[in-house]
Amino acid sequence: MRMSRMFGHTLREAPTEADTPSHALLLRGGYIDQLMSGVYTFMPLGHRVKRNIEQVIREEMDGAGAQEVTMPAIQPAELWDSTGRRAAMGDVLFQLTDRRDRELALGPTHEEVVTRLFSDHAVSYRDLPVTLYQIQTKFRDEARPRGGLIRVREFTMKDAYSFDADDAGLDGSYNAMFEAYRRIFARCGVPTVPVQADSGAIGGKGSQEFIFLTNIGEDTIILCDTCTYAANQEKAEFVRPAAIPGDPAPIEEVATPGVTSIEALAEFLGIEARQTAKAVFFMAKQNSTGVTYPVFAVVRGDMDVNEVKLANALSVGGRGGVELRPMVDSEIAAYGIVAGYASPVGLPSELQSDVRVVADLSLDAAPNLVAGANKPGFHLRNVNLGRDWTPAVTGDIASAQAGHGCARCAAEGRDGHLRAERGIEMGHVFRLDTTYTNKMNVAVQDANGGQLTPTMGCYGIGVGRILSAAVEAHFDDAGIQWPAEIAPYDVHLVGIGLDRDAEAAADAEALYAELTKVGLDVLFDDRDERPGVKFNDADLLGMPVRLTVSSRNTKAGVVETKARAAAEAESVARADVLARVQALRAEAIASCSVEAIERIARAGSGPA
RNA sequence: CGGGGUGUAGCUCAGCUUGGCAGAGCGCUUCGUUCGGGACGAAGAGGUCCGCGGUUCAAAUCCGCGCACCCCGACCA
């Protein structure tokens, strides 16, 4: 590609909407262009990167035995009703009607479509196992797009779906995808850590996320400093710091005027936060029935309520059953709760009937806590669970935090501690189990003439997120440093003063042809620009290798060769340039091995 | 959806307080000089000042109502 013909220009200054390095560099380099909130065009350079990422994904998916299909982005809304997910997805689902007033949806994901597809074509256990995948545009009406390509409303996703006869089969399909994912992220130069994750509204029996650790991330990830345990904070298990032991003492009221936070309470009474109980109120909605009810969540004062865990604790038949939101002030008032002095002890009578009180495990064996008195200006000392109040449910509803003990280490006799980091979800693999096949009544014939309900897995990767993360992981003050396999071009050929030196111009043209002939993608800067402009653009755009042809170099019979990440350029004899470029490329590809990338993955970005 | 911010040239922004010719730098076009890390000079092109309504002799500027975008939170298969 001749740069003089390339659509799009570099910018010296980044547009103000860019708030992360990757977003700023992609805009400055002319890789992407925003059309509206959360919707982007991939310009020629960005499109090439995207295509290269998709190519890596295709190779690994095909290598893992998955078969590519293209499913429709536009779908009948009733298909979403068949699993109850039209309601569950809520406003995130883009919905529209056609000219006959038929209700349609733009696909945010394809479990329903693929399950229906499978059902239409698979009839026997002999058709199992099968894994289908597609690389396709998804639509989600996100409440708040952000971070450039990180959270968008229209995006390209690779989604794969496996169908197996039994759990052992699912394990095999799941592991094949898991290993393919490791290779995909490594080849794209994006260091990721697999973490235990909550399955969210997609349902199923457990999932793992591949997380790129970065301080611009929107998820909080908990990692052990001793073992390999890593989990999304939504899911992370941990060892609760011990409570202060003691025999239950008589309950007593204490005046605490104006003391409405745990921090203030602990200071006012001269005690530790773990000697208090914290109450937080939510409204829960049972998705299946639409019934709402108040929830009173209680954790020890040194803990925070984890809404995802709380929702899971309240969901009887699996996840996705309950939706939580914090109570608004008017509801708190209506229920007679005194903000700042709320307590599970002596709840107002109008609450007693329908409220669900949920206690965290941290309250077990935590005697003589200070809790609210349910009247302004007073707390209660020596509150004891079981004696003074009884929860409807006791479970893990608190968030793991940095410094907490690692549960896995504790179980195996070690003393590991957790740390917290921010991260972005690059991919997510789920064991769906028979959630969808059951709801949609899908079965095939088994070997004994009976019916078999296939068990499913689903596996997603965000292509745009990989692109952004690759930049976020590889840039310097001057610009991007693309990982070799996804760079838009392999070589950036810079011609200096070619309009003034016919010999050098011929040399550059010959080199351009030579490199192209062996299959390298070359971006040839043939513009009539000053050297400084060209070098700066080359650094900004970030191709792995830069070659410089000029009068000086041509007279000396050399081509200046520089790896983008290298500090210095080297003069390579004209005859050796091709070999040198290929060696640099091989080296760059090798640096993106699974081992090399995963070694740096857990290092992350520092504490969250 | 709650809170905050911003909308003026392709990009970054000034002008708005106190109403009176639409501005700067970068980028772009042409010419000349220059030519290995974002050159210099000269001459140009480029505007729905986010939109609608109001006040006024006069509105980028004041008032009202919208819209868009960004940030924090809620939400996030």
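Here is the naming used below: chain letters follow the sequence lines, and residue numbers restart at 1 for every chain.
- Shown here is A:R153, whose CZ atom has more than 12 heavy atoms of other residues, nucleotides or ligands within 6.0 Å.
- Shown here, B:rU6 forms a base pair with B:rA68; the pair counts as Watson-Crick or G-U wobble because both key distances fall under 3.5 Å.
- Residue-level contact check: A:D91 touches neither bases nor backbone, having no heavy atom under 4.0 Å from any strand.
- With distances taken from any side-chain atom of A:R144 to the nucleotides B:rC71, B:rG36, B:rG25, the minimum falls on B:rC71.
- Pair assignment for B:rA39 gives B:rU33, based on Watson-Crick or G-U wobble hydrogen-bonding distances that are each under 3.5 Å.
- Side chain A:R500 to base B:rG36: no donor-acceptor pair is found below 3.5 Å.
- One interatomic measurement links the two molecules: CG of A:D528 to C1' of B:rU33, which rounds to 14 Å at whole-angstrom precision.
- Using a 4.0 Å heavy-atom distance criterion, A:G147 is classed as a sugar-phosphate-only contact.
- Across B:rC49 and B:rA43, the matching P atoms stand 28 Å from one another, rounded to whole Å.
- In this structure B:rG19 sits in no base pair that meets the Watson-Crick or G-U test at under 3.5 Å.
- Residue-level contact check: A:N553 touches the bases, meaning some heavy atom is under 4.0 Å from a base atom.
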CA sep, side-chain torsions, deciding dist, call: A:F178, A:Y459, ring-ring contact (aromatic ring centres under 6.0 Å, His included) = CA-CA 9 Å; A:F178 188 91; A:Y459 318 92; over 10 Å; no
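- The side chain of A:R146 lies closest to B:rA74, out of B:rA74, B:rC70, B:rG38.
- Between A:T220 and A:R422, the side chains place a donor N or O and an acceptor N or O closer than 3.5 Å (distance only, hydrogens not considered).
- Between B:rG2 and B:rG10, the two P atoms lie 33 Å apart (nearest whole Å).
- Taking 4.0 angstrom as the limit, A:T16 places a side-chain polar atom (N or O) nearer than this to OP1 or OP2 of B:rU12.
- In this model, a side-chain donor or acceptor of A:E560 finds a partner on the base of B:rG36 within 3.5 Å.
- When rounded to the nearest whole Å, the span between CZ of A:F535 and C1' of B:rA39 equals 15 Å.
- Within the nucleic acid shown, A:F139 has no heavy atom closer than 4.0 Å to any nucleic acid atom.
- Heavy atoms from other residues, nucleotides or ligands lying under 6.0 Å from NZ of A:K138 number more than 12.
- Using a 4.0 Å heavy-atom distance criterion, A:D19 is classed as a sugar-phosphate-only contact.
- Nearest to the side chain of A:E218, among B:rC28, B:rC75, B:rC76, sits B:rC76.
- OP1 and OP2 of B:rU12 both lie 4.0 Å or more from every side-chain N or O belonging to A:R12.
- When the side-chain nitrogen and oxygen atoms of A:R530 are compared with OP1 and OP2 of B:rG37, none of them lie within a distance under 4.0 Å.
- As the counterpart of B:rG27, no nucleotide is assigned, since no Watson-Crick or G-U wobble pattern has both distances under 3.5 Å.
- Both distances falling under 3.5 Å, in either a Watson-Crick or a G-U wobble arrangement, occur for no nucleotide opposite B:rU55.
- Residue A:E425 is out of contact with every strand shown, counting any heavy-atom pair closer than 4.0 Å.
- Under the Watson-Crick or G-U wobble criterion, with both distances below 3.5 Å, B:rC1 is paired with B:rG73.
- Using atom P as the reference point in both B:rA22 and B:rA59, the two lie 11 Å apart (nearest Å).
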Hey, mind stepping through A:R465 and A:E218 against salt bridge (Lys or Arg N to Asp or Glu O under 4.0 Å) and telling me if it holds?
-> CA-CA 13 Å; A:R465 283 188 176 184; A:E218 49 184 12; 3.7 Å; yes
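- With B:rG37, B:rC75, B:rG36 as the candidates, the nucleotide lying closest to the side chain of A:N536 is B:rG37.
- Checked by atom type, the side-chain pair A:D476/A:Q481 shows a donor-acceptor distance below 3.5 Å.
- Within 4.0 Å (heavy atoms only), A:R325 reaches no atom of the nucleic acid at all.
- In the set B:rG38, B:rC70, B:rA74, the nucleotide with an atom closest to the side chain of A:V533 is B:rG38.
- Among the protein residues, A:R153 comes within range of no part of the nucleic acid, since none of its heavy atoms lies under 4.0 Å from any strand.
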